[in-house]
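Here the structure comes first, spelled out in structure tokens, and everything after it is commentary.
Keep in mind that this is a model prediction, so the values were computed, not measured. So you know, we letter chains A, B, ... as the sequences are listed, proteins then strands, and number each from 1.
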Amino acid sequence: MSFRPPKGTDDLLAPRSQSWREALGLWEDWSARYGYPLVMTPVLEATELFERGVGETTEVVTKQMFTFTDRGGRSMTLRPEGTAGVVRAFLASGGQGPWKGAYSGPFFRYEQPQGGRRRQFWQLGVEYLNVESPVADAEVIELGYRYLETVGVADLELVVNTLGDPSCRPAYVEALRRYLDERRQLLSPESARLIELNPLRVLDSKTDRPHLDDPPRMTDFLCEPCARHYDGVKHLLDTLEITYTEDLSLVRGLDYYTRTAFEYVGRGLATAQNALGGGGRYDGLSELLGGPPTPGVGFALGLDRIILSAGKEPGSHLDAYLVYETDVTEAVVVASRLRRTGTRVDFDGEGRPVEAQFRMAARLDVPVVLVYRGSDLPVEARASGVSHEMGLDEVPEWVRRSRDT
RNA sequence: GUGGCCGUAGCUCAGCCUGGUAGAGCGCCUGGUUGUGGUCCAGGAAGUCGCGGGUUCGAGUCCCGUCGGUCACCCCA
């Protein structure tokens with residue numbers, strides 16, 4: 001049989017996997033700082049959840065889902081996005097009042113693989129439910145922004161827009177539809193088809209955007225509450241000193257979005273696929289699923305592209321490599337002591353010659369090589385060509401200090 | 001779903017146009033040198049040429065199909 005992973009999936013091994021470990025660690029940290037507890041929902045959901053939640057006319061639902069019939073005859077789907085599942089879980093738990101959740105895990109879309117886009121991909125996200133205030137929007141946007149900054153994304157840009165709500169959007173959609181209809185000849189067949197189905201998405205098309213000068217603006221149609229909400233979000237972002245640009249053609253691909261829509265873009269990415277993540281407000285989603293009115297706002301970030309964009313060389317997964325001139329059993333004990341005090345250390349388990357151990361240390365590119373010669377002798381710690389001698393007990397602290405510098 | 005390019009040793013690739021029985025660099029292994037690994041020298045192991053079919057006396061090389069990768073479109077995080 002072939003050892004190749006399925007199309008659009010990938011094996012992630014060291015040293016590349018170390019970048020993921022670091023990025024996931026930072027995510028744990030940042031989402032916790034903003035008060036988002038972990039929420040874990042199934043990777044597998046009833047197909048109906050996404051059809052109703054994400055929208056039956058969306059690209060995701062019509063073409064990109066991994067859907068199959070299980071042995072009980074139910075139509076099941078590997079989750080293509082996170083929000084619908086989290087909201088379902090919230091409703092299932094009888095959730096009430098303000099609620100927050102952060103998630104991280106694999107998602108699936110049946111698409112043509114491309115730079116930073118695989119069929120199985122990893123997303124980080126948060127959802128903030130039952131708070132209608134712009135404070136929730138701004139907090140969510142800020143969290144994603146700070147995280148991406150910290151993880152090292154080059155040329156991070158935040159784009160925001162508003163999509164109105166059911167009381168004002170229909171008038172805008174109608175105006176846009178008339179505008180597009182007059183230009184039908186200029187549009188690609190796909191976009192022409194969208195005029196009836198979902199004219200907003202035509203604005204998102206790369207090929208058609210150049211033909212569309214001065215289309216109607218959502219901001220001219222906003223009802224008073226939506227306008228005030230949008231101003232509130234922008235004001236808070238200003239206060240938090242988060243720079244953003246407004247883009248009237250920023251439309252989310254999924255049906256459930258209302259009011260705020262935003263996207264994080266990595267301008268440093270070489271590929272055409274430079275959206276690192278996006279999100280928005282989805283006040284109507286709960287009701288689409290048959291639940292009570294539940295406002296919400298959240299985002300999802302694509303970890304694959306984030307790591308591409310950060311372009312950082314992963315650090316070593318070890319603090320030190322232990323070279324021993326003693327019996328291997330003694331090395332087991334020494335390594336155990338170091339590990340229990342927080343040092344990430346590894347050693348040769350087969351009692352191979354010292355030269356071979358040094359070769360392995362070099363190959364692993366560890367920052368520190370520890371040479372252990374026996375319980376009565378000092379440990380030699382070598383880092384970047386310099387050698388220090390110390391007692392075994394001093395090693396963890398010494399390693400920690402040299403790691404931080 | 002559509003189109004371009006690509007698939008040869010563990011890795012990066014040459015060989016393909018103009019068919020004739022497979023190569024380089026790096027890595028790996030062994031020996032020597034060395035300041036107990038990183039340098040240098042010598043030697044060595046290693047390839048279903050993605051897979052299947054066709055043309056041919058003969059296919060890595062030409063043709064068809066297929067799978068995979070990559071980039072772009074579509075779309076999306």
> Nearest-Å distance, OH (Y145(A)) to C1' (rA77(B))?
Replying inline: 18 Å
> Between atom CG in L276(A) and atom C1' in rA77(B), what is the gap in whole Å?
Replying inline: 8 Å
> Run the side-chain contact (heavy atoms from CB on, under 4.5 Å) check on V379(A) and V334(A) step by step: do they pass?
Replying inline: CA-CA 11 Å; V379(A) 173; V334(A) 169; over 6 Å; no
>> Using a strict threshold of under 4.0 Å (side-chain N to carboxylate O), is an ion pair present between R337(A) and D393(A)?
In response: yes
> In whole Å, what is the span from the CD atom of E59(A) to the C1' atom of rC74(B)?
Replying inline: 7 Å
> Separation of N274(A) atom CG from rC73(B) atom P, in whole Å?
Replying inline: 10 Å
> Which of these, R118(A), Q64(A), K63(A), sits in a side-chain hydrogen bond (donor to acceptor under 3.5 Å, both in side chains) with E111(A)?
Replying inline: Q64(A)
Please list, pair by pair, any protein nitrogen or oxygen found under 3.5 Å from a nitrogen or oxygen in nucleotides 68-71 of chain B.
residue : atom : partner : partner atom : Å
rG69(B) : OP1  : G8(A)   : N            : 2.9
rC71(B) : OP2  : G115(A) : N            : 2.8

>> Distance check needed: rA77(B) P versus F107(A) CZ, whole Å only.
In response: 12 Å
> More than 12 heavy atoms of other residues, nucleotides or ligands under 6.0 Å from OH of Y110(A): is that the case?
Replying inline: no
>> At 4.0 Å (heavy atoms only), tell me whether Q64(A) reaches a base, stays on the sugar-phosphate, or touches nothing.
In response: sugar-phosphate
> Is R33(A) paired with D29(A) through a side-chain N to carboxylate O contact shorter than 4.0 Å?
Replying inline: yes
> Taking atom types as they are modelled, is there a donor-acceptor pair under 3.5 Å from the base of rC75(B) to the side chain of R117(A)?
Replying inline: yes
> Atom CD of Q120(A) to atom P of rC76(B): distance rounded to whole Å?
Replying inline: 21 Å
Could you pull out all donor-acceptor pairs under 3.5 Å where a side-chain atom in residues 275-290 of chain A meets a protein atom, sequence neighbours excluded?
residue : atom : partner : partner atom : Å
R281(A) : NE   : D137(A) : OD1          : 3.1
R281(A) : NE   : D137(A) : OD2          : 3.1
R281(A) : NE   : H229(A) : NE2          : 3.4
R281(A) : NH1  : D283(A) : OD1          : 2.8
R281(A) : NH2  : V131(A) : O            : 3.0
R281(A) : NH2  : D137(A) : OD1          : 2.7
Y282(A) : OH   : E127(A) : OE1          : 2.5
D283(A) : OD1  : G296(A) : N            : 3.2
S286(A) : OG   : P292(A) : O            : 2.5
S286(A) : OG   : T294(A) : OG1          : 3.2

>> Under 4.0 Å, counting only non-hydrogen atoms across every strand here, what does A361(A) touch: a base, just sugar-phosphate, or nothing?
In response: nothing
> Between rA77(B), rU36(B), rC75(B), which nucleotide gets closest to the side-chain atoms of F358(A)?
Replying inline: rU36(B)
>> If I take atom CG in residue D348(A) and atom P in nucleotide rG37(B), what distance separates them, rounded to the nearest angstrom?
In response: 16 Å
> Does the pair Y324(A) and Y372(A) meet the rule for a ring-ring contact (aromatic ring centres under 6.0 Å, His included), with working shown?
Replying inline: CA-CA 5 Å; Y324(A) 55 93; Y372(A) 178 77; 8.4 Å; no
> What is the pairing partner of rA42(B), taking Watson-Crick or G-U wobble pairs with both distances under 3.5 Å in any strand?
Replying inline: rU30(B)
